[in-house]
Protein chains: 2
Amino acid sequence: MTHSEENYLKAIFHLNKGGAKAVSTNALAGQMDTKPSSVTDMIRRLAEKGVVHYKKYQGVSLTEKGSRLALSVIRKHRLWEVFLVEKLSFNWDEVHEIAEQLEHIKSEQLIDRLDELLGFPQFDPHGDPIPTKDGSLPSGDKQLLSNMPLHSKGICVGVKDSSSAFLKFLDKNNIALGHRIELLEKEEFDNSVFVKVNDAPMHLSYQIASNLYVKKI
Amino acid sequence: MTHSEENYLKAIFHLNKGGAKAVSTNALAGQMDTKPSSVTDMIRRLAEKGVVHYKKYQGVSLTEKGSRLALSVIRKHRLWEVFLVEKLSFNWDEVHEIAEQLEHIKSEQLIDRLDELLGFPQFDPHGDPIPTKDGSLPSGDKQLLSNMPLHSKGICVGVKDSSSAFLKFLDKNNIALGHRIELLEKEEFDNSVFVKVNDAPMHLSYQIASNLYVKKI
DNA sequence: ATTTAAATTTAGACAAATCTAAAAATATGT
DNA sequence: ACATATTTTTAGATTTGTCTAAATTTAAAT
Ligand SMILES: [Mn+2]
Ligand SMILES: [Mn+2]
Ligand SMILES: [Mn+2]
Ligand SMILES: [Mn+2]
């Protein structure tokens, strides 16, 4: 698999997670920041290689083989992100771009030993689960803060948007993975919320609340 | 610079180190394991980009800019090799292939922090000097064991051939960097040598002796 | 059920990196 | 100096991954 092919597999995996139906050419073009015609070309090649199911005009989905490959790339991406944060002191908003490159390095042994060096982490710096060597992906029972019932308590376990802008905002407001979150109030008008984060009260917009994953306790 | 372009720059650098005259198309094709016609094509592109000097039929050499780029890639390669050996417990004969991939990862910050994590090493696992951030390359005063005068003593500081086969041979015979070497005898007929390595006497063929670097003491 | 709009695919082109086969330039040997 | 061998370059083709513009198919709206 080339770098580009691996990136397509990853994109199809992410777009298909959740929804059961096939991924559209346009959606894939959006995700890959490319043109639909280029996507069609690539999908064809991937179908030839037996890593995707594809029928003209009917969208695309991963085969068993394709899914295994995608999970392997995602595993590498997330392990490298952990490495960058834990061993090289990068901030969690700086690691994604570098991991996008490192995820394509080909060496089973390398990734196994990296896993070991890091102590077999289960989650990456953004709270996303790290696929195991055999390709299983723990789902976890997290939910978005914006979907939590009033007065419920939980632990912040992940982010949906992992853009640098969002992550920097969280840093600035002392919101980090592992912190306790209590939902005190919900504003009907704009869907914003009042919360306590580790006992610090604050007001968060819907934009924020709908990008923070919480695990109920 | 693409991966391929970086690999060409590195190859030109290595072929040119020592000799002052330009590198021939054929030599470069040999090093890159490709065809001379492909080399001509690539050299043209590199000349366009101002990283090599090139006149038809007259061979190729690096410009100042090209030399800087080559040294930067070599720095990355060697730092990653140190990482693989020191942090991931790879043997010195297993790291080259992986470093060939890692050397192309683009991030100044990454390599700076890796350097720091490793304690700013000066040599890679094969005894080759690591170029500094500003592009200087300590030469060192090592020489080949086969060139040492009779009865001289030194420390084994590097290998010329860093193929897995050669390195495994050294492992098997307990020859490692840092070991003391004393040249006891030279056989005129086949240029083989009798040496003591850390007090263990042994007989080494010219093939071996001409691929081991020693620093006189 | 048509018409219109949106999504998707085809056709044709391009740059990067490579190849084979043939031509041109340089080096070597007598 | 001239013929021969070697090296190097050109010409033309291929693969990958992308693009634009045009054609086709599917979906939505009247
Ligand atoms: Mn990421
Ligand atoms: Mn992540
Ligand atoms: Mn190496
Ligand atoms: Mn090395």
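The sequence lines fix the lettering, A, B, ..., with proteins before strands; numbering per chain opens at 1.
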Exercise. With respect to the side chain of Arg45(A), which nucleotide from dT8(C), dG17(D), dA17(C) is positioned closest?
Worked result: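 Of the options given, the side chain of Arg45(A) lies nearest dG17(D).
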Exercise. Among the nucleotides dT26(C), dT18(C), dT18(D), which one has an atom lying closest to any side-chain atom of Gln58(B)?
Worked result: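 My answer, after comparing the listed nucleotides, is dT26(C).
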Nearest-Å distance, [atom1] ([X]) to [atom2] ([N])?
X        : N       : atom1 : atom2 : result
Tyr57(B) : dA24(C) : OH    : P     : 9 Å
Leu28(A) : dG17(D) : CG    : P     : 14 Å
Met42(B) : dT9(D)  : CE    : C1'   : 17 Å
Asp33(A) : dT18(D) : CG    : P     : 11 Å
Glu5(A)  : dT18(D) : CD    : C1'   : 14 Å
Lys21(B) : dT7(D)  : NZ    : C1'   : 16 Å
His3(B)  : dT16(D) : NE2   : C1'   : 15 Å
Leu46(A) : dT16(D) : CG    : P     : 12 Å

Problem set entry | Test item: side-chain donor near acceptor, Asp171(B) and Trp92(B), under 3.5 Å |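 Note: Asp171(B) and Trp92(B) side chains meet the donor-acceptor criterion.
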Exercise. Under 3.5 Å, is there a donor-acceptor pair between the His96(A) and His77(A) side chains?
Worked result: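 Looking only at side-chain atoms, His77(A) and His96(A) do form a donor-acceptor pair, the distance falling under 3.5 Å.
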Under 4.0 Å between a side-chain N/O of [X] and OP1 or OP2 of [N], yes or no?
X        : N       : result
Tyr54(B) : dT8(D)  : no
Lys35(A) : dT18(D) : no
Thr34(B) : dA17(C) : no
Asn26(B) : dT8(D)  : yes
Thr2(A)  : dG17(D) : yes

Using a cut-off of 4.0 Å on non-hydrogen atoms, how would the nucleic acid contact of [X] be classed: base, sugar-phosphate, or nothing?
X        : answer
Thr25(A) : sugar-phosphate
Ser37(B) : base
Ser4(A)  : sugar-phosphate
Thr40(A) : base

Exercise. Is it true that Glu100(A) and Lys10(A) make a salt bridge, defined as a side-chain N closer than 4.0 Å to a carboxylate O?
Worked result: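 Salt bridge flag = yes for Lys10(A) with Glu100(A).
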Exercise. Salt bridge check: are Lys106(B) and Glu97(A) linked by an N-O gap of less than 4.0 Å?
Worked result: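 Answer for the salt bridge query: no.
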For this session: Give me the one residue out of Lys186(B), His203(B), Glu187(B), Glu185(B) that meets side-chain hydrogen bond (donor to acceptor under 3.5 Å, both in side chains) with Ser192(B).
Result: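 Of all the options given, the one that passes is His203(B).
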Exercise. For DNA chain D, whose closest nucleotide is more 5', that of Tyr8(A) or that of Lys56(A)?
Worked result: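 The answer here is Tyr8(A).
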